[in-house]
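Notes follow once the structure below has been shown.
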Amino acid sequence: MDKPTQQELAAALEQVIAALEAGQAPQPNAALRRAFYCFSAEALAHDPDIVPEDLEKILAQLSAADLPTFQAALAAVQNGRQAWLGFKVVTDPALVLDSVDTSVWNFNGPGQGSSDDQSGVFFSTKNKEIVFSREPSPRDRRQMLDITRGPHMHNSQYAGVAWTSIPLEPQGRVVMLGAGDVSRALEKVVALCDFDTVVIDDDADYLNEARFATSRRVLLENWENLSTVASLDALAINEHDYLCVLTRGHAHDTEAMLWAVGTPASYIGMLGNPMKNEQIFAFAAQTGVAPEVFTAERIHAPIGLRMGG
């Protein structure tokens with residue numbers, strides 16, 4: 001799923017702020033639905049509690065009391081701050097008020113679950129900052145901070161209420177150079193972390209919807225001269241992206257790596273044993289790539305975690 005750009009997100013937040021300042025509830029439209037994509041049918045495909053229509057209900061309930069929440073969110077987008085805009089979605093008012101917090105995190109014994117039976121929008125950061133139109137209960141507060149751990153963390157802890165969120169910082173993509181089995185497995189893993197994924201290969205038999213249903217697919221004519229391929233230029237690789245060199249059988253790791261180091265991506269990793277990788281680095285140096293490009297901070301090779309195997 002393509003996420004909204006920072007410009008689109010900022011424009012949507014400004015639209016909400018303008019409506020609230022005028023004493024009106026924001027009207028749902030295509031721009032707001034795209035910005036708050038956590039309410040899309042695609043995002044909710046595996047969520048039994050929230051439905052797309054919940055966004056309209058939440059927007060209709062907003063008032064001037066919610067201005068600080070959206071103003072904090074807009075400032076975070078404009079400053080590239082790591083923060084989230086979260087949504088408390090009450091699915092059953094009776095249940096959420098009767099709910100008792102018996103979780104292992106409630107060190108004071110059983111207590112109130114949610115603070116009230118109203119849905120709402122809040123702002124939160126990893127520094128435990130919360131902006132909300134009303135005082136959350138301790139249990140609500142934990143939920144509001146829990147969304148900063150990832151999109152699939154603890155979104156339904158007790159009956160009658162569910163939680164969802166969108167990140168406000170720029171969202172990176174995982175770009176997999178190669179459509180082999182490793183890339184197929186990686187696509188599933190990074191999707192759990194809410195990354196968009198892109199897969200690049202020169203063989204349509206490997207690069208197809210059946211193998212990569214959720215990724216953007218870029219089919220090359222060949223792996224030569226990747227720096228001149230217009231479809232790769234259109235990806236607009238930036239400092240928030242993660243590039244993974246995973247070509248099938250390592251056959252085109254050299255070409256993929258030479259292209260990757262010419263991008264501003266924040267992370268480049270290459271699959272393969274150290275001997276093979278060193279040969280690629282040596283070849284790259286012969287082509288004029290500066291040796292300092294291949295620092296451990298810039299290139300992660302072999303890619304992945306050292307498991308001691």
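- Residue Met270 forms a side chain to side chain contact (heavy atoms under 4.5 Å, CB included) with just one option from Ile303, Leu246, Thr247, Ile280, and that option is Ile280.
- Panel note: side chain Thr69, backbone Phe122; no donor-acceptor pair is recorded below 3.5 Å.
- With rounding to the nearest 0.5 angstrom, the CG atom of Asp253 is 11.5 Å from the CD atom of Gln279.
- A donor-acceptor pair under 3.5 Å is formed between the side chain of Asn277 and the backbone N or O of Gly272.
- Expressed to the nearest 0.5 Å, how far OG1 of Thr263 lies from CD of Glu239 amounts to 10.5 Å.
- A chain of hydrophobic side-chain contacts below 4.5 Å, direct or via other Ile, Leu, Val, Met, Phe, Trp or Tyr residues, connects Trp259 to Phe283.
- Here the closest heavy-atom approach between residue Pro4 and residue Tyr37 is recorded as CD-CD2, 3.4 Å.
- Atom-to-atom distance recorded for Ile166:CD1 and Leu85:CG is 5.0 Å, nearest 0.5 angstrom.
- Asp201 has its side chain within reach of Trp223: a pair of non-hydrogen atoms, C-beta onward, lies under 4.5 Å apart.
- Taking the side chain as every heavy atom from C-beta outward, Leu13 and Phe36 approach each other to under 4.5 Å.
- A donor-acceptor pair under 3.5 Å links the side-chain atoms of Thr91 to the main chain of Gly160, judged by distance alone.
- Counting only heavy atoms from C-beta outward, the side chains of Pro28 and Arg33 approach each other to under 4.5 Å.
- The backbone N or O of Gly178 sits less than 3.5 Å from a side-chain atom of Ser183, completing a donor-acceptor pair.
- Arg216 CZ to Thr197 OG1: the interatomic distance, rounded to the nearest 0.5 Å, is 11.5 Å.
- A distance of 10.5 Å separates CG in Asn208 from CG in Leu219, rounded to the nearest 0.5 Å.
- Using a 4.5 Å heavy-atom threshold, the side chains of Leu226 and Leu220 count as touching.
- Within 6.0 Å of NZ in Lys188 there are more than 12 heavy atoms belonging to other residues, nucleotides or ligands.
- The same ILVMFWY cluster, assembled from side-chain heavy atoms under 4.5 Å apart, contains both Leu9 and Leu32.
- Side-chain atoms of Glu42 and Thr214, non-hydrogen and from C-beta on, never get closer than 4.5 Å to each other.
- Electrostatic pairing of Lys3 and Glu8 does not count as a salt bridge here, judged by no charged N lying under 4.0 Å from a carboxylate O.
- Taking 4.5 Å as the limit, some side-chain heavy atom of Leu20 sits within range of a side-chain heavy atom of Pro26.
- In this structure, the side chain of Asn79 does not engage the main chain of Arg81 through any donor-acceptor pair within 3.5 Å.
- The closest donor-acceptor contact from the side chain of Thr164 to the backbone of Phe87 lies at 3.5 Å or more, if one exists at all.
- Taking 4.0 Å as the cut-off between side-chain N and carboxylate O, Arg211 and Asp205 do not count as a salt-bridged pair.
- Minimum heavy-atom separation, Ala76 to Leu168: CB-CD1, 4.1 Å.
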Report the C-alpha distance between Glu135 and Ser115 in whole Å, list the side-chain angles of each, state the deciding distance to 0.1 Å, and finish with yes or no for side chain to side chain donor-acceptor pair (under 3.5 Å).
CA-CA 8 Å; Glu135 184 65 27; Ser115 57; over 6 Å; no
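- Inter-residue side-chain proximity for Trp84 and Lys126 is flagged as met; some heavy-atom pair is nearer than 4.5 Å.
- Distance alone, capped at 3.5 Å, is enough to place a donor-acceptor pair between the Ser124 side chain and the Met144 backbone.
- The side-chain heavy atoms of Val89 and Asp49, taken from C-beta on, include no pair separated by under 4.5 Å.
- A donor-acceptor contact shorter than 3.5 Å is absent between the side chain of Asp146 and the backbone of Arg142.
- Side-chain heavy atoms closer than 4.5 Å link hydrophobic residues (I, L, V, M, F, W, Y) into clusters, and following such links, even through other members, never connects Tyr242 to Ile237.
- Of all non-hydrogen atoms in Leu258 and Val289, the two that sit nearest each other are CD2-CG2, 3.9 Å.
- Contact record, Ala83 with Thr125: CB-CG2, 3.9 Å, taken as the closest heavy-atom pair.
- Remark: Tyr267 OH is packed, more than 12 non-hydrogen atoms of other residues, nucleotides or ligands lying under 6.0 Å away.
- The same ILVMFWY cluster, assembled from side-chain heavy atoms under 4.5 Å apart, contains both Val190 and Val182.
- Between the Ser266 side chain and the Asp241 main chain, a donor and an acceptor come within less than 3.5 Å of each other.
- Of the inter-residue distances, the one linking Ser231 atom OG with Ile200 atom CD1 reads 7.5 Å to the nearest 0.5 angstrom.
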Might you work through the side-chain contact (heavy atoms from CB on, under 4.5 Å) test for Asp181 and Arg184, ending with a clear yes or no?
CA-CA 5 Å; Asp181 290 340; Arg184 288 186 71 190; 4.0 Å; yes
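- One N or O on the side chain of Arg217 and one on the backbone of Phe212 form a donor-acceptor pair closer than 3.5 Å.
- Contact detail for Lys276 and Leu271: the closest heavy-atom pair is NZ-O, 2.8 Å.
- Contact record, Val218 with Val198: CG2-CG1, 4.0 Å, taken as the closest heavy-atom pair.
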